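Read through the structure below, which is laid out as structure tokens, and then see the notes.
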2 protein chains.
Amino acid sequence: MANNINFNSYSDAPVFNIKAVTQRTGISAPTLRAWERRYNVLSPSRSDGNYRLFSERDIAILNWLNERLQSGMSISRAVALLHNSQHKHGTSNGQTNGQGQHAEFSQLQSRAGNYVSAFAVEDDAKGLNLEHLRTQLHRNLIQMDEHNAHATFAEALAVYTVEDVCQNIITPVLIQIGEDWHDGLISVTIEHFATAVLVGKFYSLFNALGTTHGPLVLVGCAPTERHEIGALMLAFLLRRRGHNVRYLGADMPINDLVESARKLKPRAIVLSAMLYESAGALSLLPPRLQAYAPDTLLFIGGNAFRNGIHPALTSSKTVNYLGNDLQEGLKSIEATLR
Amino acid sequence: MANNINFNSYSDAPVFNIKAVTQRTGISAPTLRAWERRYNVLSPSRSDGNYRLFSERDIAILNWLNERLQSGMSISRAVALLHNSQHKHGTSNGQTNGQGQHAEFSQLQSRAGNYVSAFAVEDDAKGLNLEHLRTQLHRNLIQMDEHNAHATFAEALAVYTVEDVCQNIITPVLIQIGEDWHDGLISVTIEHFATAVLVGKFYSLFNALGTTHGPLVLVGCAPTERHEIGALMLAFLLRRRGHNVRYLGADMPINDLVESARKLKPRAIVLSAMLYESAGALSLLPPRLQAYAPDTLLFIGGNAFRNGIHPALTSSKTVNYLGNDLQEGLKSIEATLR
DNA sequence: AGGTTTTGTATAGTATCTGTCTAATCTTTG
DNA sequence: CAAAGATTAGACAGATACTATACAAAACCT
């Protein structure tokens, strides 16, 4: 998202006269007119009496330009940069299907036509917005519309906390896409693509945070488990809260986990399992961890443990079960680590 | 965060006037001009009014030079070093004697085992040649020093093109780490971590580029293949060159590839295979693709095909073999697509 | 120390960029 | 209607950048 200069989410309703813009941007009126004349930036619509009428989007653009100026860039170069990037990703966010999209995408969409009702409306006013964002992200992904998927993601982050976005948007959309695939509504190609986009997103966010100091926390997937997204979101959220996290990726063998725990002496190991078998493979871990690295805490979580499928693990005293969702898991980890 | 425009890693786009460069590097304008005149370092393009226009890459180079100066090196020597390493591209085949390296690795391994400090500072004349960067990145990774791994990556990108970094740094380092693991020098935890860091890096870069329009190109891994990095680098490099790429991730089943080719009608499908079995599973694809989507070009590549292991595929007329390395592969794809 | 090279900065003169000002006209508002 | 606010077009001056030459401190050699 760092690269995207995307002002599409701002309203383009023409409402502000030039004085209002001056107040909100700190740019004088003559300067605004000069910029418009010389660099062809902004084309505010006009009132009946030919007065300029600026939009919220115009103001966002002006503030962005102001930031460029602040960093030493000249106004001509900043505008050139703006124009460049506007041309590069031209289309605006979402609703209209078709355009440059392949016709087959719309076909896929209509085949998956029942997705609208797939999400249960959870609660109050928030529910509607969440619902809308889920629907939009789901549509973006199954249409392979990567650009707008990122835009929707950004939109969601503007309104909700990262934790909420992870739990109430990303997770349900991915579950829905998994079910769509299971029901033959979408191909595995689309499913792979959607996963790759979201996994990529979280890798980006995770990387952007950078490392901190403190007790080491290893996060990864259970043996044979290849669904990374849950572990990755958890790794990201933990690092975001200041923990010293290393992300290990999919399919961590038991032997190596024990060996690494012995050598690296992490404060905690957090493992995610989505599939029944992956969770089953975990049962050997707690006793061996207890023997070789008694100071390392073990956390497990993921859909594989839901509905009490693996009671031996979720109720064990040497294992900390993360609970039913991400936020519960975060709380559980932080409560135990402190 | 939002005000940082991070163009496609270190892009060559000429966007910064000299004042912006001064602010971002701390080097005065006269000095910048003197360096350009005397040492032939940087050749910024010019605006209509003959003003210098620097790129993100130029700034990275300047920051790197600044670091050399901080550590006592003279500007002439720093520039010479820069030029030297840039010319060295093809010639450096950084193979070192195996024994010495093994010893070094075990030593590093034990250091990694203790996981002492994230900052093992060694600011004695850091070389910029490929061999040094490889060694440094390798060390960062097996010490789980994520912060400095990213720093090394950035340093490499300041001097070499992204293509060179992929081919001559990332790939050999990952191969080395794979061998280290195979030889029992490092645990699979370290190997997973290293892979996750680099995969994450390329996901970030890939995402930062954003989508374009044009003929669709699907990039992914052969069936059962779970080593993503090759396909991911290729997807990134292709998108960087303006192709309309969708990345599909690991393990694409044959049936779904055919089905997607029929529906999405991509101009090309590019598949990477590292393991022998993955490449073998591909043999069914060409005839079916020919039958169901005759207009879609198929490209295959990856270590699995080296040394002529799968002659039926690499010499087939319906399949385009990507050749021995990334750059060959890129050339091959672009030559065919045109 | 004395001589040479390196290297950041300074100067002068010219060109370009860019914010503001002016003058004349038009629109909105009280 | 008068005052306040906007409009355009042109003009202007200070800021910024360019080239080319010059200079002096630092670094380096004997």
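Just so it is clear: chains get the letters A, B, ... in the order the sequence lines come, proteins before strands, and each one is counted from 1. What you are looking at is a predicted structure, and each value in this text was computed from that prediction instead of being measured.
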Could you check whether any side-chain N or O of B/N207 sits under 3.5 Å from a backbone N or O of A/G200, counting only pairs where one atom can act as donor and the other as acceptor? yes
Residue met sooner reading DNA chain D from 5', once A/R46 and B/G72 are mapped to nucleotides: A/R46
So A/R52, base contact, sugar-phosphate only, or nothing? Heavy-atom distance under 4.0 Å. sugar-phosphate
Quick check: closest heavy atoms across A/P14 and A/S45, and the distance to 0.1 Å? CB-OG, 3.0 Å
Before you tell me yes or no, could you show the steps for B/E131 and B/R134 under salt bridge (charged side-chain N to carboxylate O under 4.0 Å, His left out), namely the whole-Å CA-CA distance, both residues' side-chain angles and the distance that decides it to 0.1 Å? CA-CA 5 Å; B/E131 175 62 19; B/R134 278 192 291 258; 3.2 Å; yes
Take nucleotides 17-30 of chain C nucleotide by nucleotide from the 5' end and write B, S or -, depending on whether a protein heavy atom sits under 4.0 Å from the base, only from the sugar-phosphate, or from neither. SBBB------BS--
Outermost nucleotides of DNA chain D that come under 4.0 Å of a non-hydrogen atom of chain A: D/dG5 to D/dA11
For B/Y203, enumerate each residue passing the ring-ring contact (aromatic ring centres under 6.0 Å, His included) test, keeping only those at least two apart in sequence or located in another chain. A/Y203, B/Y247
Are any of the side-chain nitrogens in A/E56 or A/R24 under 4.0 Å away from the carboxylate oxygens of its partner? yes
Would you find a donor on one side and an acceptor on the other, under 3.5 Å apart, between the side chain of B/R239 and the backbone of B/V245? yes
Any Lys/Arg nitrogen of B/R241 or B/E163 sitting under 4.0 Å from an Asp/Glu carboxylate oxygen of the other? yes
Could you tell me whether B/R77 atom CZ has more than 12 heavy atoms of other residues or ligands within 6.0 Å of it? no
Roughly, in whole Å, what's the span from CD1 in B/I18 to P in C/dT16? 17 Å
